[in-house]
Amino acid sequence: MEIDKKSNILVTGGTGFLGKAVIQELRFKDYRNAFPIGSSVDLRDQIECHGVFGMFRPTIVIHLAAKVGGIGANKKNPGRFLYDNLSMGANTIELARQYGINKFIMVGTVCSYPKFTQVPFKEEDIWNGYPEETNAPYGIAKKTLMQMIISYKEQYDFNGINLIPVNLYGPSDNFDPDISHVIPALILKFDEAIQNNKKEVEVWGTGSASREFLFVEDCAEAIVMAMEEHNDPQPVNIGTGKEVSIKGLVELIADKMGYEGEIVWDTSKPDGQPRRCLDTSKAKKFGFKAETSLEDGLVETIEWFNDNRNNLF
């Protein structure tokens, strides 16, 4: 389906990390009526959802709003992570159906995959087991919303798609130490060590786990490309198709930040999912291929952090 450049596009979570990049990509591609909504709107409240849809009258919705965090935050708030994500998504999808929108882009999470999934992860394997325990409530909530999109297609001919991005990073990432993900958390650790002349930095786990990381601007490009070119509700992985060990990642960040002290591994802490790397062949069918290398993306992220660190705390 060809999308009118004048379409009203509602971007939930549009003031957040990924949301800002998506709004920027939409405007770069000459979509002038993209409306970001942030945490001032409580999408858990269906009445507030009605108000948003009534105000903006969107023909397209990109659902990015989420309650997110690293391993520590997920372990502390399993109920909140499940309820908030499930209720925000369910309300938004149902209101989109009621208002008869043309297209809904659901952005899920790699955390929905089973803990032990053959690498690289293929979309067909997403139902073949329970997610990694520390972030299972978040992953299950997002997977339920994925099925909601599929079920609405079956019952209502609802035009929705499901995208599953890997771990994101980049400029403007969340550097709140209580909820930050692994890359910003590590940048914070090394920055604090450098500022205080610490001879060692402690990192959770063994370093043996692997992850795949996607630069946020590449993810935004994939989302807008899928909005334009993809119309199947079955899930599609969004990533680079390349993995790095946490040990390798830690050493790379330390090197790029100029930290020369010792790295100490706290093996009493969890590693999380053992490996995480996606099969990205389906995304290539609608033209997406990630262009930013991990090294280049980290350099850009660290430069942004250094330029903005005084405004972050």
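Excluded from the calculations below are hydrogen atoms, water molecules and symmetry mates; all remaining heavy atoms, backbone and side chain alike, are included.
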Under the side chain to side chain contact (heavy atoms under 4.5 Å, CB included) rule, collect the residues that match up with N197, sequence neighbours excluded.
none
When you compare the side chain of V119 with that of T117, does any pair of heavy atoms fall below 4.5 Å?
no
What residues form a side-chain hydrogen bond (donor to acceptor under 3.5 Å, both in side chains) with K247, not counting sequence neighbours?
E251
Could you check whether K5 makes a cation-pi contact with Y31, meaning its NZ or CZ is under 6.0 Å from the centre of the six-membered ring and within 45° of the ring axis?
yes
Transitively linked via ILVMFWY side-chain contacts under 4.5 Å: I105 with L10?
no
Which pair of heavy atoms, one from L64 and one from G19, lies closest together, and at what distance?
CD1-CA, 3.5 Å
Please enumerate all residues that pass ring-ring contact (aromatic ring centres under 6.0 Å, His included) together with F215, with sequence neighbours excluded.
Y169
NZ/NE/NH1/NH2 to OD/OE distance under 4.0 Å, R275 and E212
no
Using the ring-ring contact (aromatic ring centres under 6.0 Å, His included) rule, collect all pairs that involve residues 260-300, keeping only residues at least two apart or in two chains.
H230-F286
Report yes or no: is the cationic atom of R97 (NZ for Lys, CZ for Arg) closer than 6.0 Å to the six-membered ring centre of Y156, at no more than 45° off its axis?
yes
Got a sec, which residues hit side-chain hydrogen bond (donor to acceptor under 3.5 Å, both in side chains) with T292, two or more places apart in sequence or on another chain?
D218
Could I get the full list of side-chain hydrogen bond (donor to acceptor under 3.5 Å, both in side chains) partners for T12, not counting sequence neighbours?
H63
Residue list, side-chain hydrogen bond (donor to acceptor under 3.5 Å, both in side chains) with Q147, at least two apart or on another chain:
S151
Is the closest basic N to carboxylate O distance between K198 and E192 below 4.0 Å?
yes
Summary of ring-ring contact (aromatic ring centres under 6.0 Å, His included) pairs that have at least one residue in residues 107-136, sequence neighbours excluded:
Y113-F121
K115 atom NZ, neighbour heavy-atom count above 12 within 6.0 Å
yes
So with a 6.0 Å cut-off around CD of Q195, is the heavy-atom count from everything else above 12?
yes
For D266, enumerate each residue passing the side chain to side chain contact (heavy atoms under 4.5 Å, CB included) test, keeping only those at least two apart in sequence or located in another chain.
E202, S268, K269
How would you list all residue pairs meeting side-chain hydrogen bond (donor to acceptor under 3.5 Å, both in side chains) that involve residues 16-28, not counting sequence neighbours?
none
Hits for salt bridge (Lys or Arg N to Asp or Glu O under 4.0 Å) against E48, two or more places apart or cross-chain, chain-then-number order -> none
Partners meeting side chain to side chain contact (heavy atoms under 4.5 Å, CB included) with S293 (sequence neighbours left out)
E295, D296
